[in-house]
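Reviewing the structure listed below.
Quick note: residue numbers are just sequence positions, from 1. The shown structure was predicted, so the numbers you read here are calculated from the model rather than taken from an experiment. All values below were derived from every heavy atom in this structure, side-chain atoms included, with hydrogens, water molecules and symmetry-related copies excluded.
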Amino acid sequence: QVQLVESGGGLVQAGGSLRLSCAASGRTFSSRPMGWFRQAPGKEREFVAAISWGGSSTSYADSVKGRFTISRDNAKNTVYLQMNSLKPEDTAVYYCAAGKTMATMRREYDMDYWGKGTLVTVSS
């Protein structure tokens, strides 16, 4: 069992930065790939970024590539999402998720565990 708790969301102006954190409990955290998804108002949840269990492999949605960076610290059971050059269209609830394999991390129905989300609002 893995429990995930996100933090770090808030209100920021366009062009600003935020760093999200996802604290995980459970023995299997360090052996799982982890990811971030987001859901904007009135839209479906979408993939944002993923990182392999050891941190050597990452994957990003085209919409955030070059602006967002995912990382993890297995000693602290925490995964991070550094978000720079934020845009109003990045406004969403951001969810942390634990998956099975890196190959399936873009598919939300393949995630085993979810956090409750943290709201990011980017003002123009």
Side-chain angles (χ1 to χ4, degrees):
Q1 188 80 7
V2 176
Q3 293 182 327
L4 306 172
V5 179
E6 303 95 335
S7 61
L11 175 64
V12 63
Q13 288 188 331
S17 298
L18 279 176
R19 189 176 82 153
L20 305 183
S21 299
C22 173
S25 62
R27 294 180 298 171
T28 63
F29 169 79
S30 60
S31 65
R32 290 181 175 270
M34 297 294 295
W36 289 94
F37 290 76
R38 67 186 181 186
Q39 186 167 21
K43 295 188 177 182
E44 295 185 349
R45 189 154 54 183
E46 64 176 2
F47 168 79
V48 175
I51 188 166
S52 60
W53 67 270
S56 60
S57 178
T58 58
S59 178
Y60 296 94
D62 288 343
S63 58
V64 306
K65 201 171 293 184
R67 300 188 297 123
F68 291 11
T69 302
I70 189 170
S71 61
R72 68 190 295 163
D73 185 339
N74 286 342
K76 295 182 178 180
N77 275 13
T78 303
V79 63
Y80 305 97
L81 185 67
Q82 177 67 44
M83 305 186 295
N84 298 329
S85 302
L86 282 161
K87 305 175 181 179
E89 51 263 43
D90 294 318
T91 294
V93 177
Y94 283 72
Y95 297 91
C96 177
K100 300 180 184 67
T101 69
M102 195 63 184
T104 60
M105 285 302 294
R106 289 176 176 260
R107 304 199 296 250
E108 63 170 309
Y109 52 84
D110 276 325
M111 299 301 103
D112 287 335
Y113 302 101
W114 291 92
K116 294 184 177 180
T118 185
L119 177 63
V120 172
T121 304
V122 184
S123 63
S124 57

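Linking ILVMFWY residues whenever their side-chain heavy atoms come closer than 4.5 Å, directly or via other members, places M34 and V64 in the same cluster. When the side chains of ILVMFWY residues are joined at heavy-atom separations under 4.5 Å, either directly or via intervening members, M111 and V2 end up in two distinct hydrophobic clusters. Tracing side-chain contacts under 4.5 Å through hydrophobic residues (I, L, V, M, F, W, Y), one never reaches Y113 starting from M102; they form parts of separate clusters. Linking ILVMFWY residues whenever their side-chain heavy atoms come closer than 4.5 Å, directly or via other members, places V12 and L81 in the same cluster.
For residues 87-112, there are no ring pair (Phe, Tyr, Trp, His ring centres under 6.0 Å) pairs, not counting sequence neighbours. The salt bridge (Lys or Arg N to Asp or Glu O under 4.0 Å) contacts involving residues 111-124 comprise R32-D112, K100-D112, where partners must be two or more places apart or lie in separate chains. Judged as a ring pair (Phe, Tyr, Trp, His ring centres under 6.0 Å), the pairs with a partner in residues 45-71 (not counting sequence neighbours) are, in order, F37-F47. Among residues at least two apart or in separate chains, disulfide (SG to SG under 2.5 Å) pairs with a member in residues 8-60 are C22-C96.
S59 has its side chain within reach of R106: a pair of non-hydrogen atoms, C-beta onward, lies under 4.5 Å apart. Put simply, the side chain of Y80 reaches to within 4.5 Å of the side chain of D73, judged on heavy atoms.
To the nearest 0.5 Å, atoms OG (S30) and CZ (R72) are separated by 7.5 Å. To the nearest 0.5 angstrom, Q1 atom CD is 6.0 Å from Q3 atom CD. Note that the CG atom of L18 and the OG1 atom of T118 stand 9.0 Å from one another [nearest 0.5 Å].
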Which donor-acceptor pairs under 3.5 Å do side chains of residues 82-93 form with protein atoms, sequence neighbours excluded?
residue, atom, partner, partner atom, Å
Q82, NE2, N84, OD1, 2.9
N84, OD1, S17, OG, 2.9
D90, OD1, R38, NH1, 2.9
D90, OD1, R67, NH2, 3.0
D90, OD2, R67, NH1, 2.7
D90, OD2, R67, NH2, 3.4
D90, OD2, K87, N, 2.8
T91, OG1, P88, O, 2.9
T91, OG1, V122, N, 2.9
T91, OG1, V122, O, 3.4

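In this structure S7 satisfies the side-chain hydrogen bond (donor to acceptor under 3.5 Å, both in side chains) test with no other residue, sequence neighbours excluded.
Nearest heavy atom pair, residue M105 against residue A97, reads CE-O, 4.3 Å. Of all non-hydrogen atoms in V79 and F29, the two that sit nearest each other are N-CZ, 4.3 Å.
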message: Run the side-chain hydrogen bond (donor to acceptor under 3.5 Å, both in side chains) test on T28 and S31 for me, step by step, so that the C-alpha distance in whole Å, both residues' side-chain angles and the decisive distance to 0.1 Å come before the verdict.
response: CA-CA 5 Å; T28 63; S31 65; 5.0 Å; no
